[in-house]
Every structure is written in C-alpha cells, then in structure tokens.
**Student:** 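Got a structure here, written out as structure tokens. Questions coming.
Basis for what follows: all heavy atoms, side chains included, without hydrogens, waters or symmetry-related copies. None of the values given here were measured: they were computed from a predicted structure.
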Amino acid sequence: QEINYCIFLNSKRKIITYKEIYKGGLNVHLVHPRDIFREAIKYNSAAIILVHNHPSGDSTPSDADIATTNELALIGQQLGINIVDHIIIGKGEYFSLKSNNLF
C-alpha cells in the first residue's frame with residue numbers, strides 16, 4: 001500500500017513535524033496539493049520534504065511522481081514553501097528526485 005508523508009521544516013531546515021498525508025492502493029497516487037500545503041501552512045513551514053513508498057519495492061520514480069513533484073514545486077514557490085526533496089522508498093533502497101535533478 002502506498003503511503004505519502006510530508007516532513008515539515010522551519011526556515012533553518014529543522015524538522016517541525018511529519019505527517020501521513022495519504023494512504024492509497026498498490027499503484028494509485030491521489031495526493032492533492034491542497035492536502036500538502038494546508039498542513040504546511042498550518043505548521044508555518046518554510047519548506048517540506050515529500051516521502052512515499054512504492055509497494056513494488058522498486059524506488060524508481062514514475063512519470064506521475066515526477067510530474068506531481070514539479071507541480072508541487074511550482075505551487076510551493078507561489079506560496080513561499082520550498083520543496084527540498086521528494087524521496088521514494090523501495091525495498092532496501094531509496095530514490096531522491098532532487099539528487100537526480102528531476103525537479
């Protein structure tokens with residue numbers, strides 16, 4: 001089951017808190033930007049890190065993962081909330097979209 005978390009950071013990039021944003025099916029990714037940014041605003045976050053798992057165990061991002069991350073980064077810029085990274089967790093591995101220049 002895919003689970004999406006956000007890690008909310010202050011202006012010094014220290015963790016304020018983290019929260020499960022969405023829990024979905026095996027391959028369904030339905031998290032909506034308002035769900036993420038509502039929480040970011042609630043916690044007065046300056047930045048966030050997105051994290052979700054791939055139940056298949058393969059941490060390679062899908063086209064939807066990349067597109068969603070880019071959309072969220074644009075929305076975050078408008079709100080003054082930086083997307084620091086999007087980490088995808090697989091079986092014994094992870095993939096950083098930021099480190100791989102995918103947004």
**Student:** Using modelled atom types and a 3.5 Å cut-off, is there a donor and acceptor pairing between side-chain atoms of E93 and backbone atoms of S59?
**Tutor:** yes
**Student:** Identify the two heavy atoms, one from F8 and one from I36, that lie closest to each other, and give their separation to 0.1 Å.
**Tutor:** CE2-O, 4.0 Å
**Student:** Any side-chain heavy-atom pair from E71 and I75 closer than 4.5 angstrom?
**Tutor:** yes
**Student:** Using every non-hydrogen atom in the two residues, find where H86 and F103 come nearest and quote the distance to one decimal.
**Tutor:** N-CE2, 4.1 Å
**Student:** Spell out, as yes or no, whether a donor-acceptor pair under 3.5 Å connects the side chain of H32 to the backbone of R34.
**Tutor:** yes
**Student:** Around atom CG of N44, are there more than 12 heavy atoms of other residues, nucleotides or ligands at under 6.0 Å?
**Tutor:** no
**Student:** Using atom types as modelled and distance alone, determine if a side-chain donor or acceptor of N53 lies under 3.5 Å from a backbone N or O of Q1.
**Tutor:** yes
**Student:** Short question: side chain of D85, backbone of K98 - any donor-acceptor pair under 3.5 Å?
**Tutor:** yes
**Student:** For L102, is there any backbone N or O sitting under 3.5 Å from a side-chain donor or acceptor partner on N100?
**Tutor:** no
**Student:** Around D63, counting heavy atoms of other residues, nucleotides and ligands shown, do more than 12 lie under 6.0 Å from its CG?
**Tutor:** no
**Student:** Look at the side-chain heavy atoms of Ile, Leu, Val, Met, Phe, Trp and Tyr, link any pair under 4.5 Å apart, and say whether L79 and I7 land in one connected group.
**Tutor:** no
**Student:** A quick test of your reading: do over 12 heavy atoms of other residues, nucleotides or ligands sit less than 6.0 Å from CZ of F95?
**Tutor:** yes
**Student:** In terms of hydrophobic clusters joined by side-chain contacts under 4.5 Å, are I66 and V51 together?
**Tutor:** no
**Student:** Would a 4.5 Å heavy-atom cut-off, applied to side chains only, mark N82 and R13 as touching?
**Tutor:** yes
**Student:** Between E39 and D35, what is the shortest heavy-atom contact and its length?
**Tutor:** CG-O, 3.5 Å
**Student:** Measure across F37 and L72 and return the closest heavy-atom pair with its distance rounded to 0.1 Å.
**Tutor:** CZ-O, 3.4 Å
**Student:** Measuring from I48:CD1 to I83:CD1, what's the distance to the nearest 0.5 Å?
**Tutor:** 3.5 Å
**Student:** Does a side chain donor of either T60 or D58 reach within less than 3.5 Å of an acceptor in the other side chain?
**Tutor:** yes
**Student:** For the residue pair E2 and K23, establish whether any side-chain heavy-atom pair is separated by less than 4.5 Å.
**Tutor:** no
**Student:** Rounded to the nearest 0.5 Å, what's the gap from OG on S11 to CD1 on I16? Could you check?
**Tutor:** 8.5 Å
**Student:** Counting only heavy atoms not in I41, do more than 12 fall under 6.0 Å of its CD1?
**Tutor:** yes
**Student:** Going hydrophobic residue to hydrophobic residue with side-chain gaps under 4.5 angstrom, can you get from I3 over to Y94?
**Tutor:** yes
**Student:** For a 4.5 angstrom cut-off between non-hydrogen side-chain atoms, does L9 reach K14?
**Tutor:** no
**Student:** Over all heavy atoms of both residues, which pair between Y18 and Y5 is shortest? Give the atoms and the distance, please.
**Tutor:** CD1-CD2, 4.1 Å
**Student:** Can you name the nearest heavy-atom pair linking D65 to L97, along with the distance?
**Tutor:** O-CD2, 4.2 Å
**Student:** At what distance, to the nearest 0.5 angstrom, does CD1 of I81 lie from OG of S45?
**Tutor:** 6.5 Å
**Student:** Step by step, work out the side-chain contact (heavy atoms from CB on, under 4.5 Å) result for I89 and H52.
**Tutor:** CA-CA 6 Å; I89 307 296; H52 82 276; over 6 Å; no
**Student:** Side-chain heavy atoms under 4.5 angstrom apart, residues restricted to Ile, Leu, Val, Met, Phe, Trp, Tyr: same cluster for V84 and L50?
**Tutor:** no
